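Let me begin by presenting the structure, written as structure tokens, before commenting on it.
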Amino acid sequence: MTTRPEPRQITILGSTGSIGRSALEVVRRYPDMFRIGALAAHSNTELLCAQIHEFRPATVALHDEAAAARLRAMEPGCRVLSGPGGLEEVAALPADTVLCAVVGAVGLAPLLAAIDAGNRVAVANKEPFVMAGRLVMERARARGVEVLPVDSEHNAVFQCLQGHDIRDVRCIHLTASGGPFYGMPREALQFITPAQATRHPTWRMGAKISVDSATLMNKGLEIVEAMWLFGLPQDRIEVVVHPQSTVHSLVEFNDGNILAQLGVTDMKTPILYALAWPDRAPAPIARLDLKALSGLTFAEPCFDEFPCLALARRAAAEGGTATAVLNAANEEAVSAFCAERLPFLDIAGVVAAVCGLCPAESSYDLASVLDADRRARAAAAAVIAEMELRTTC
Ligand code: NDP
Ligand code: MG
């Protein structure tokens, strides 16, 4: 008689977000395969409370101290940690897989904590890779920890690379939908509001990544993410415009063969793959109906109106702490845009100005990355304040 394997214990950092909620839908769908050990978020007490009732994690963490205090009063039976340290502690608890799905640079410390504890990580949170990808991958290698990409393009590349040697790869083609404003003239982009920028044509996502998709910075961040995940220089990571978002990315080998991964536009599919890896789940979340596809197109990108992609490529080519500066400047600019303090077109202006103001160090350790991040945020705050002053005068 064969015994059924125990469900895998999953920790989700960012359980109340778009990726976190999709991951919990996967766990809900496959209770025999997965169970929740721990959850973490920033301050959404109500949703975390509902998730505690449904998934019964032994430990949770909220970054926000006041929200954590409220949750402790609501859930006396659950261990509630708090602050940045709480997130790291949760990441380091024994787990089969830690899904890293918080948004932004704040995810770097818990990602490293999960790796240092020897936990396999499934990573959606791309900003830590942009800040310190070399460091993350070196730590993972030293600790023998598997790093599984959840970002749909990187998950696609990872799947296409199974059984292949990276030395046989000529280049990677990351597909880009182009975001909601691709092809629009510059004049039309001037008055884009946060509500318009967070409405993506093919994916439903959190606010920050939606704005990044609209400025094309998301594709720039993904180039850096791919460099470190797959060990390729930025000039061997191409971007191709594919508005249907059906082919999630492609790998071109030296012998001319190209492998692609196709699927529905639903993040639950790459999440399921990463959580089940190296196995495959017995049934899909949703099946792609090939016969219903009306046509797949691929085009040379024309990103003249979207300078963020070029800024990201430049930082990637420069290396060192340049991409940490880029990431911090972008996070600050996107946050100012979402608060209606900065026009859409000035996001790229802020990033360009900060990259010019903060020279990069060519080699780095964690301290220099965090220092570059701090300096870039301070420079971005000054640049944004100056821009605001100019528009109000
Ligand atoms: P959301 O904004 O929807 O969710 C963010 C999550 O992070 C929430 O759970 C939020 O908690 C939590 N969080 C935010 N700040 C902190 C903090 N300081 N400490 C602890 N938790 C925090 O983002 P997404 O789910 O869209 O994206 C998450 C990451 O995945 C991003 O890096 C994004 O680039 C990447 N990604 C997302 C995709 C998508 O389809 N959404 C696709 C590919 C990659 P709270 O709710 O309490 O604020
Ligand atoms: Mg992506």
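Computed over heavy atoms, backbone and side chain alike; hydrogens, waters and symmetry mates excluded. Because the structure is predicted, anything quoted here is derived from the model rather than measured. Remember, it's 1-based here, ligands and their atoms both numbered in the order they're listed.
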Exercise. Mind checking whether S152 has an N or O less than 3.5 Å away from an N or O of ligand 1?
Worked result: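 No.
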
Exercise. So is V106 polar-close to ligand 1, meaning N/O to N/O under 3.5 Å?
Worked result: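 No - when backbone and side-chain N and O of V106 are compared with those of ligand 1, no distance drops under 3.5 Å.
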
Closest non-hydrogen protein atom to [atom], residue and atom name please, with distance?
atom	answer
atom 32 (O) of ligand 1	E127 OE1, 2.7 Å
atom 7 (O) of ligand 1	V102 CA, 3.3 Å
atom 47 (O) of ligand 1	S43 N, 2.7 Å
atom 5 (C) of ligand 1	V103 CG1, 3.7 Å
atom 43 (C) of ligand 1	D151 OD1, 3.1 Å
atom 9 (O) of ligand 1	T16 OG1, 2.7 Å
atom 27 (O) of ligand 1	I19 CG1, 4.3 Å
atom 3 (O) of ligand 1	S18 N, 2.9 Å

Salt-bridge present ([X], [Y]; N to O < 4.0 Å):
X	Y	answer
R79	E89	yes
R141	E138	no
R143	D116	no
D346	R390	no

Who's closest to [atom] heavy-atom-wise, of [options]?
atom	options	answer
atom 12 (C) of ligand 1	R21, H42, K208	H42
atom 36 (N) of ligand 1	D64, I209, I12	I209
atom 35 (C) of ligand 1	A124, A207, P128, A109	A124
atom 17 (C) of ligand 1	E46, K126, H63	H63
atom 4 (O) of ligand 1	A67, G17, G206	G17
atom 6 (C) of ligand 1	A41, P84, A101	A101

Of all N, O or S atoms in [X], which has the smallest distance to the Mg ion (ligand 2)?
X	value
D151	OD1
E153	OE1
E222	OE2

Problem set entry | Proximal atoms of ligand 1 relative to G14 (non-hydrogen, under 4.0 Å) |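 So the atoms of ligand 1 that pass are 6 (C), 7 (O), 9 (O).
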
For this session: Go through ligand 1 atom by atom and flag the ones less than 4.0 Å from a non-hydrogen atom of N44.
Result: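 Under 4.0 Å from N44, ligand 1 has these atoms: 46 (O), 47 (O).
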
Side chain of [X], backbone of [Y]: donor and acceptor closer than 3.5 Å?
X	Y	answer
R134	S363	no
N119	A91	yes
E127	G104	yes

Are [X] and [Y] close enough that a side-chain donor and a side-chain acceptor fall under 3.5 Å?
X	Y	answer
T193	Q196	yes
D365	S368	yes
E361	T321	no
Q244	T297	yes

Exercise. Would you call L221 and I209 a side-chain contact if the rule is heavy atoms closer than 4.5 Å?
Worked result: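 Heavy-atom side-chain distance check fails, nothing below 4.5 Å.
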
Exercise. Can you tell me how far CD1 of I172 sits from CZ of R236, rounded to the nearest 0.5 angstrom?
Worked result: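 Between atom CZ of R236 and atom CD1 of I172 there are 8.5 Å.
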
Of all the heavy atoms in [X], does at least one lie under 4.0 Å from an atom in ligand 1?
X	result
M267	yes
G20	no
A40	no

Problem set entry | side-chain contact (heavy atoms from CB on, under 4.5 Å) between V147 and F158, intermediate numbers included | CA-CA 10 Å; V147 178; F158 184 84; over 6 Å; no

For this session: Could you tell me whether L87 approaches ligand 1 through its side chain, its backbone, both or neither, with non-hydrogen atoms closer than 4.0 Å?
Result: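 Side chain only.
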
For this session: Give a yes or no on whether the ring-centroid distance for Y182 and F303 is below 6.0 angstrom.
Result: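 Here the rings of F303 and Y182 have centres that are less than 6.0 Å from each other.
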
